[in-house]
Amino acid sequence: MAAKKPKASTPNPGNMSPRVWFYSILLTLQYGFQPIISKRFTRREVIVTSSVLTCEVAKVVCALILMAKDGSLKKLAKEWTLVGSLTASGLPAAIYALQNSLLQISYRNLDSLTFSMLNQTKIIFTAIFTYIILRQRQSIQQIGALFLLIMAAVLLSIGEGSSKGSSSGDPEKILFYGIAPVLVASVLSGLASALCQWASQVKKHSSYLMTVEMSIVGSLCLLASTSKSPDGEAIRRYGFFYGWTPLTLIPVVTNALGGILVGLVTSLAGGVRKGFVIVSALLVTAMLQFLFEGTPPSVYCLVALPLVISSISIYQKYPYQVKKKEA
């Protein structure tokens, strides 16, 4: 009898190889350092769209170099198809573009505290869509760990936003142009993250190739938006690199490397694990602000620290156990 072809499987979220830990730690540090690096090396005059587009170009260049290094670039000409690319990367890229637009609308109509707290619900939606699309189950302990992580994220958001005041305006406007967009954006974030994980783990789409494809699609969407956006008007008036200095390239490159790490972590460990990385990075940022700027961590940050450590430990220690069927 011919041997049965093994089914494509997704990695067990409770088992992480040293390589995955290494990528996760690097991504945590990158996320943690990025706000401080951007603040120090990016002038206020820099047009946001110009830095985002340059970052996407840097991502593509870095990913192509890594593909050339591991030999996958040679196979690209023979195996790449437009349909496969649109299925694996086009849809998530379009979803992320829509998500970013919704977040911009919400941020203008909500205070930073409410916005940050509601934005953390994307962790739950990622777990839900990972189950729906990949059938990746969570143990009871892991579900508890996710709620601990969300509690920590909320506390960190409170610490960040408590000094920034709250919005006071039309309740109907806040609901439809503030709360609704950020919740829809969280749902879309969870869906896109699960689709990326599906493409890399089930369809075996290279994370580097996905980075290239998603960067190109995202850049095209951003370029299309410049025809009517304030940033597009500023670029036409002052030039693409208005306000740039040689040091501006530092946060652009680090952000690009972070984008590649996001692809690797999502591919190897899943979107839920990426959520742990992002929340852990908030703690890293708080500690770095204390070291470099003398701003002490808030009480909320200190309370959130053991919650993050506990949630990571529980999630790692108690993976979902698949019951083996008797032959």
Side-chain angles (χ1 to χ4, degrees), residues 16 20-44 48 51 55 100 103 106-107 110-124 126 144-167 182 185-186 189 193 247 250-259 261-262 265-266 269 271-316:
M16 285 179 65
V20 177
W21 274 112
F22 177 67
Y23 289 148
S24 298
I25 291 170
L26 280 182
L27 182 57
T28 302
L29 293 174
Q30 185 274 326
Y31 265 128
F33 270 102
Q34 192 64 40
I36 294 173
I37 293 174
S38 297
K39 186 177 178 182
R40 292 203 169 198
F41 299 119
T42 305
R43 296 170 60 185
R44 290 182 179 273
V48 174
S51 63
C55 177
N100 289 332
L103 289 176
S106 177
Y107 195 72
L110 281 180
D111 61 276
S112 58
L113 173 57
T114 306
F115 174 84
S116 297
M117 289 172 65
L118 291 174
N119 196 32
Q120 304 309 326
T121 58
K122 62 188 176 186
I123 299 170
I124 290 294
T126 299
L146 287 175
F147 278 102
L148 281 177
L149 185 70
I150 290 174
M151 287 173 59
V154 168
L155 285 171
L156 289 166
S157 300
I158 292 172
E160 175 66 20
S162 58
S163 62
K164 297 183 180 179
S166 59
S167 63
V182 72
S186 293
S189 176
S193 183
L247 294 177
I250 295 175
V252 168
V253 172
T254 56
N255 206 13
L257 293 174
L261 286 170
V262 166
V265 171
T266 303
V272 175
R273 177 69 62 181
K274 186 183 71 175
F276 281 85
V277 169
I278 292 170
V279 176
S280 301
L282 296 176
L283 292 171
V284 173
T285 300
M287 300 306 171
L288 290 172
Q289 283 179 337
F290 175 64
L291 290 175
F292 291 103
E293 299 176 3
T295 306
S298 66
V299 174
Y300 298 104
C301 179
L302 297 176
V303 174
L305 178 59
L307 289 178
V308 172
I309 294 172
S310 299
S311 65
I312 293 173
S313 176
I314 293 169
Y315 195 88
Q316 178 72 13

Checklist entry - Roughly how far apart are T28 OG1 and W21 CH2, rounded to 0.5 Å? => result 9.0 Å

Next on the checklist: Quick check for you: to the nearest 0.5 Å, what is the distance between S189 atom OG and L103 atom CG?
Outcome noted: 8.0 Å

Checklist entry - Which atoms form the tightest heavy-atom contact between A304 and A152, and what is the distance? => result CB-O, 3.7 Å

Next on the checklist: Just verifying a value: how many Å separate L307 CG and I150 CD1, rounded to the nearest 0.5 Å?
Outcome noted: 12.0 Å

Next on the checklist: So if I apply the side-chain contact (heavy atoms from CB on, under 4.5 Å) rule between V277 and each of L261, L27, V262, which one comes out positive?
Outcome noted: L27

Next on the checklist: If I compare all heavy atoms of R273 with all of V265, which pair ends up nearest, and what's the gap?
Outcome noted: CG-CG1, 4.5 Å

Checklist outcome for this item: Residues S51 and V252: closest non-hydrogen pair is O-CG2, 4.2 Å

Next on the checklist: Could you report the tightest heavy-atom contact between G294 and P296, atom names first, then the distance?
Outcome noted: O-CD, 3.3 Å

Item to check | Approximate separation, where rounding is to 0.5 Å, of I36 CD1 and F41 CZ | outcome: 11.0 Å

Item to check | Approximate separation, where rounding is to 0.5 Å, of F276 CZ and Q316 CD | outcome: 9.5 Å

Checklist entry - Under a 4.5 Å cut-off applied to non-hydrogen side-chain atoms, are T42 and I250 in contact? => result no

Checklist outcome for this item: The reported gap from CZ in F147 to CD1 in I123 (rounded to nearest 0.5 angstrom) is 11.0 Å

Item to check | Residue pair V272 / Y315, side-chain heavy-atom distance below 4.5 Å | outcome: yes

Checklist entry - Do S280 and I312 come close enough that some side-chain heavy atom pair is under 4.5 Å? => result yes

Checklist entry - Could you walk me through whether S193 and T126 pass the side-chain hydrogen bond (donor to acceptor under 3.5 Å, both in side chains) check? => result CA-CA 7 Å; S193 183; T126 299; 4.6 Å; no

Checklist entry - With distance as the sole test, does S313 use its side chain to make a donor-acceptor pair with the main-chain N or O of I309 at under 3.5 Å? => result no

Item to check | Distance-only polar pair, side chains of T254 and Q30, donor-acceptor under 3.5 Å | outcome: no

Checklist entry - What heavy-atom pair brings S311 and L148 nearest, and what distance separates the two atoms? => result CB-CB, 3.9 Å

